[in-house]
Amino acid sequence: MLVIVKDSYDLMSNEAAKIVADRLRKKPNLVLGLATGSTPLGLYKELIRMHREEGLDFTKVTTFNLDEYVGIPPEHDQSYHYFMWENLFKHINVDPRYVHIPMGMAKDVDLFCEWYEKRIVDCGGIDLQILGIGANGHIAFNEPGSSLGSRTRIKTLTGTTRMDNARFFKNPNEVPKYAITMGVGTIMDAKEIIMLANKASKADAIKASVEGPITAMCPASIIQLHQTAFVIVDKEASTKLIGLYNDSWESKVF
Ligand code: GLP
């Protein structure tokens with residue numbers, strides 16, 4: 001695990017974009033794991049700029065999103081399908097046939113989850129997974145208490161997470177109670193991981209993930225066991241860390 005502290009949200013986002021672009025240039029048919037939430041928006045903005053101005057090519061890329069709300073159709077403006085198309089996919093030259101986002105409207109959720117896991121394997125596994133982190137230490141929708149070996153499945157969202165996400169919905173009661181999410185084990189199978197966090201509200205979660213005990217009560221703490229994970233944070237999210245950390249990924253060896 002390599003922890004990188006940047007001075008601002010933009011610098012954090014650009015640092016992550018540099019890694020994604022580097023991996024994509026080395027492997028044009030990269031299998032990219034993607035996240036929603038406000039945190040990766042700066043990264044997506046920078047990737048769009050690189051696509052437009054530097055010709056960063058996504059035509060051969062396969063994507064897998066971490067999660068999706070259950071019971072919300074893809075065209076709903078709070079669905080993660082909608083989020084991904086609005087904030088990234090429609091601005092780059094990704095092939096829609098290679099885009100995978102869990103189907104929140106699946107009739108048989110368990111069967112869908114089994115298929116999703118198999119599809120990831122059939123595509124060669126995720127090369128690089130982007131992750132945000134919830135204020136309670138959740139990754140994707142693996143809430144505290146999630147098994148550290150879990151696979152893609154349906155999860156009940158905690159009150160905290162529903163409250164955190166209520167700001168996006170017209171009425172807080174509309175926030176779904178369930179989501180389909182890749183498991184902690186699924187995420188850990190990615191060959192590389194970039195976990196991003198900004199703002200003071202994430203400082204406790206980052207401290208617990210990077211320097212705390214590895215525990216299901218903070219699912220993000222499992223990242224300490226990943227051989228090739230980058231944790232890139234802004235200054236505000238880093239304030240509770242006591243270790244000394246890097247400010248760049250280039251030329252650093254794990
Ligand atoms: C949701 C998503 C997570 C995301 C988290 C944090 O719960 N399922 O993948 O990391 O929110 O969101 P934000 O980046 O907006 O703080």
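Basis for what follows: all heavy atoms, side chains included, without hydrogens, waters or symmetry-related copies. Indexing begins at 1, ligand by ligand and atom by atom, following the structure's order. Remember, predicted model here, so these are calculated numbers, not experimental data.
Side-chain atoms of Ser13 and Glu46 include no donor-acceptor pair closer than 3.5 Å.
A search for salt bridge (charged side-chain N to carboxylate O under 4.0 Å, His left out) contacts involving Asp204 returns Lys240, not counting sequence neighbours. Under the salt bridge (charged side-chain N to carboxylate O under 4.0 Å, His left out) criterion, Lys45 pairs with no residue at all, not counting sequence neighbours. Residues forming a side chain to side chain donor-acceptor pair (under 3.5 Å) with Ser150 (at least two apart in sequence, or on another chain): Arg153.
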Contact table, ligand 1 N/O with protein N/O, distance under 3.5 Å:
{"residue": "ligand 1", "atom": "7 (O)", "partner": "His138", "partner atom": "NE2", "Å": "2.8"}
{"residue": "ligand 1", "atom": "8 (N)", "partner": "Asp67", "partner atom": "OD2", "Å": "2.7"}
{"residue": "ligand 1", "atom": "8 (N)", "partner": "Ala140", "partner atom": "O", "Å": "3.2"}
{"residue": "ligand 1", "atom": "10 (O)", "partner": "Ile133", "partner atom": "N", "Å": "3.3"}
{"residue": "ligand 1", "atom": "14 (O)", "partner": "Ser38", "partner atom": "N", "Å": "3.2"}
{"residue": "ligand 1", "atom": "14 (O)", "partner": "Thr39", "partner atom": "N", "Å": "3.0"}
{"residue": "ligand 1", "atom": "14 (O)", "partner": "Thr39", "partner atom": "OG1", "Å": "2.4"}
{"residue": "ligand 1", "atom": "15 (O)", "partner": "Ser38", "partner atom": "N", "Å": "2.8"}
{"residue": "ligand 1", "atom": "15 (O)", "partner": "Ser38", "partner atom": "OG", "Å": "2.7"}
{"residue": "ligand 1", "atom": "15 (O)", "partner": "Arg167", "partner atom": "NH2", "Å": "3.4"}
{"residue": "ligand 1", "atom": "16 (O)", "partner": "Lys202", "partner atom": "NZ", "Å": "2.6"}

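Put simply, the side chain of Tyr44 never gets that close to the backbone of Phe89: no donor and acceptor are under 3.5 Å apart.
In this structure, the side chains of Phe141 and Tyr69 come closer than 4.5 Å at one or more pairs of heavy atoms.
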